[in-house]
Amino acid sequence: MDNVIKNIIGKDISLAELFDENRAAIESHSSSVLNSLRDEAFDAFQELGIPSNKVENYKYTNLQPLFSGDFTFSLKPETLTENLEDIFSCDVDTLDSITIYLVNGWYYTRNNPGVLPKGLVIGSMAQMAKENPDLIEKYYGTRAPHLSDGAVAFNTMFAQDGFFVHVPKGVAVERPIQIVNILMSEDALMTTQRNLVVMEDNSEARIMVCDHTLTTGKFVMNSVTEGYVGKDARLDLYNLQNQHNATTQVAGFYFEQHENSHLATNNLTLHAGVARNNIELKLAGSHAEGHAYGLYLLDKNQHVDNFSYIDHAVPDCFSDELFKGVLDDHSTGAFTGKIMVRPDAQKTNAYQSNNNLLLTNDAKMNTKPQLEIYADDVKCSHGATVGQIDEDAMFYLRTRGINKEEATILLMYAFAYEVIEKIKVEPLREQIRTLVEKRFRGELDKCHSCVVCGQKGTDVTCL
Amino acid sequence: MLSIKNLHAKIEDKEILRGIDLKVKPGEVHAIMGPNGSGKSTLASVLAGNEMFEVSEGEVQFNGKDILEMAPEDRAREGLFLSFQYPVEIPGVSMVNFLRTSINELRKYREEKPLSASEFLKLMREKKNLVDIDSDLTNRSVNEGFSGGEKKKNEIFQMAMLEPKLSILDETDSGLDIDALRVVANGVNKLKRPDNATVLITHYQRLLEYIVPDYVHVLYHGRIVKTGGKELAHELEANGYDWIKKEFGDK
């Protein structure tokens, strides 16, 4: 299959050709570990291409046209003349955290996370792959499906940098780790990011990944995070997405969990253009617990597609999914909840729920549970709802002097709170509460150009 | 205070209120009784501004203002309060957040400063005692998981917090055991002032033993067919509604 061919770096070139032309340079800058998968990823990509809606798993999000058009491609580390601290202030700034920044997928060279707890490693994937190739090799490319998913293949071909977090055996990291991903560019930009999180046995951490756009141009980000949660380890991973409407982000989280481990992911999409989240948890050790949560708040022409895949590979595991969305204007959303219960995964408990609130007749939601159960002693449940604001509740609030707009905000917030309550870091939960409320009040609007283009968002930056 | 003239209202094409006339003055307690389906709850809903009903004729003045064109929230801000027959559960909206928003909206309308968090909590503590509402309930979401009695107490608690000029209590006695009924009635009596008024909508006379009305109206087929003093309630209790139906049934 031929891939997307458009103007990239001033001339018509396909993504495959782009890779071919720059391959030598990419490889010369990269560790042998990252280079080791490029061949097979490239082969797979030539076969698969960027996923279109003809690919079953991407049925509701056609990435093909989004990965076309006029873009520069980020092939080299970003060199910033200004200090990031001077131009960026985080919405979650009161959090006492270990903080690092990445710019356009590259580890920011002037990062200063401060004194780290003993044994904890936080740093650049490119650098770690060179300094400690054995450690990276053990995990790299073993969870993310670079042979079967075109977006992951694409990421693996171009993979150069991203973040790396390693929490050694028995270490509990008290302060949250905050990773701030910033997109900024003078021209429309396409880029990739490859991350790895390794939680050794009996370790504990909370990671918050914040995605931001600092300039108003178009972005395409293709990011892949692989993660390992060892025996008795515990990880909470929050992804707070707050990008403007001209951003397309494909973010894949591919995790493997071992015996008695506990993982909670929470994808909070406050603002995006087109967002596709792939959340894959493989429960590979008995009594592992996987929780996948998500909240998406959409308006104008935004589109968010959460695709989750919980793989119960062994007996006695537990999984719980809750995804909720509020869709306004012409926005569209999709949810797929795939649960696989392998033949010997007896005593599996798997729960899934997707609830949506549609504020207009033009908003649209596709939701699809997809359960494959090959064991006979399991408890699985799934439920999906798509509804409107409860008119009775609305009237009740209004008879108490609360106007329609304020009542709508209260009710939208009420709908969203269940997911927010899943956030275990108290100051973070408070901040997210505030952000969500701001979002509902329209105080977090990222679509600067919409002042001129109106709600339908016909301007390119609002599409 | 409240003046209803020839009020007609319908839902879809069914006319439910067929010409209501009623006047309520400050300091008065009115009871509106009537058999099931006579239009009692519809009257309460229409006064509060429920958009499910269409007013086809008549006028309603509240404190000299025509309220039929007003949004429900503006009627509330003018001092109208409806205690719901079936209070709505709103998971995710905390009682505190709800009441504080409500009170401050009302204050804003009256051009008063919003209550600070501590002033609000103080007021809430004060009013809680009035209806003997469990502290725990105010820490929860609005009506979520409340028992029938707790929901009704919560309505009266809100009434105490908002200090309306006119309260319409729609079947506040239904589903209450005798102890809860006493608590609720006590609350209403304590909130009674010379400058406010209450309209009790009820099917039974039971509530009127605790809250003594100045006037009793009988609503039947969308009209007030009889008005009297509190003794009318006793008559209804003794003889049921059959004689009313017989007398006015053909209309």
Side-chain angles (χ1 to χ4, degrees), chain A residues 268 293-297 322-326 353-357 359 383 385 387-423 426 429-430 432-441 443, chain B residues 44-53 67 70-110 141-144 151 154-155 157-159 161-164 166-168 170:
Chain A
L268 302 148
Y293 305 123
L295 177 67
Y296 38 100
L297 313 176
L322 175 67
F323 284 80
K324 289 188 123 179
V326 180
S353 181
N354 173 234
N355 310 110
N356 301 283
L357 190 58
L359 301 180
T385 59
Q388 284 91 41
I389 289 258
D390 179 354
E391 286 302 323
D392 291 337
M394 176 58 92
F395 179 59
Y396 190 78
L397 293 173
R398 292 181 73 186
T399 62
R400 300 308 186 240
I402 300 169
N403 70 31
K404 208 171 176 177
E405 290 70 36
E406 195 65 30
T408 305
I409 290 167
L410 274 176
L411 292 173
M412 288 194 293
Y413 183 80
F415 181 82
Y417 101 113
E418 209 184 340
V419 176
I420 300 169
E421 291 310 297
K422 302 284 187 192
I423 299 170
E426 170 58 28
R429 191 168 60 230
E430 268 311 309
I432 301 285
R433 270 194 199 127
T434 312
L435 284 180
V436 167
E437 204 187 317
K438 267 193 189 172
R439 173 70 172 91
F440 284 141
R441 290 189 186 283
E443 291 163 13
Chain B
S45 290
V46 167
L47 291 177
N50 194 331
E51 286 156 2
M52 269 169 56
F53 301 94
I67 59 166
M70 283 187 188
E73 57 268 30
D74 286 329
R75 301 179 194 203
R77 292 162 182 178
E78 284 288 336
L80 187 79
F81 179 85
L82 171 64
S83 165
F84 281 63
Q85 182 178 5
Y86 303 108
V88 185
E89 298 198 15
I90 314 179
V93 176
S94 72
M95 276 299 298
V96 170
N97 196 11
F98 161 62
L99 270 177
R100 207 176 152 200
T101 309
S102 171
I103 281 198
N104 283 335
E105 287 290 333
L106 264 51
R107 292 180 67 90
K108 196 162 82 188
Y109 191 74
R110 297 193 299 253
S141 291
V142 179
N143 293 323
E144 192 192 20
K151 280 181 185 167
N154 192 21
E155 295 293 288
F157 171 58
Q158 290 172 40
M159 177 179 151
M161 290 289 285
L162 302 178
E163 297 184 325
L166 176 70
S167 303
I168 302 164
D170 186 8

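Treat the numbers as computed from the prediction; the structure is a model and nothing was measured. We name chains A, B, ... by the order of the sequence lines, and we start the count at 1 in each one.
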A/F415 CZ to B/I90 CD1 distance, which is reported to the nearest 0.5 Å
15.0 Å

To check you understand the geometry: which heavy-atom pair defines the closest contact between B/M95 and B/N143, and what is its length?
SD-N, 4.5 Å

Does some side-chain heavy atom of B/F84 sit less than 4.5 Å from a side-chain heavy atom of B/K151?
no

Part of B/S94 within contact of chain A (heavy atom distance under 4.5 Å)
neither

Worked check of side-chain hydrogen bond (donor to acceptor under 3.5 Å, both in side chains) between B/Y86 and A/D392:
CA-CA 10 Å; B/Y86 303 108; A/D392 291 337; over 6 Å; no

At a 4.5 Å cut-off on heavy atoms, which part of B/E78 comes close to chain A: side chain, backbone, both, or neither?
neither

Is a salt bridge present between A/K404 and A/E391, judged by a nitrogen-to-oxygen distance below 4.0 Å?
no

Quick check on A/E421 against chain B: is it the side chain, the backbone, both or neither that has a heavy atom closer than 4.5 Å?
neither

Top of B/P91, B/A71, B/S102 for chain A proximity - count of heavy-atom pairs under 4.5 angstrom
B/S102

Contact part of B/D74 toward chain A, heavy-atom cut-off under 4.5 Å: side chain, backbone, both or neither?
neither

Please look at B/F98 and chain A and tell me whether the side chain, the backbone, both or neither of the residue comes under 4.5 angstrom of a heavy atom of that chain.
both

Side chain from CB out, backbone as N, CA, C, O: work out which of these in B/P87 comes under 4.5 Å of a heavy atom of chain A, or both, or neither.
both

Most contacts with chain A, counted as non-hydrogen pairs under 4.5 angstrom, among B/P164, B/S45, B/S141, B/A76:
B/A76

Please identify each residue that fulfils salt bridge (Lys or Arg N to Asp or Glu O under 4.0 Å) with B/K108, with sequence neighbours left out.
B/E105

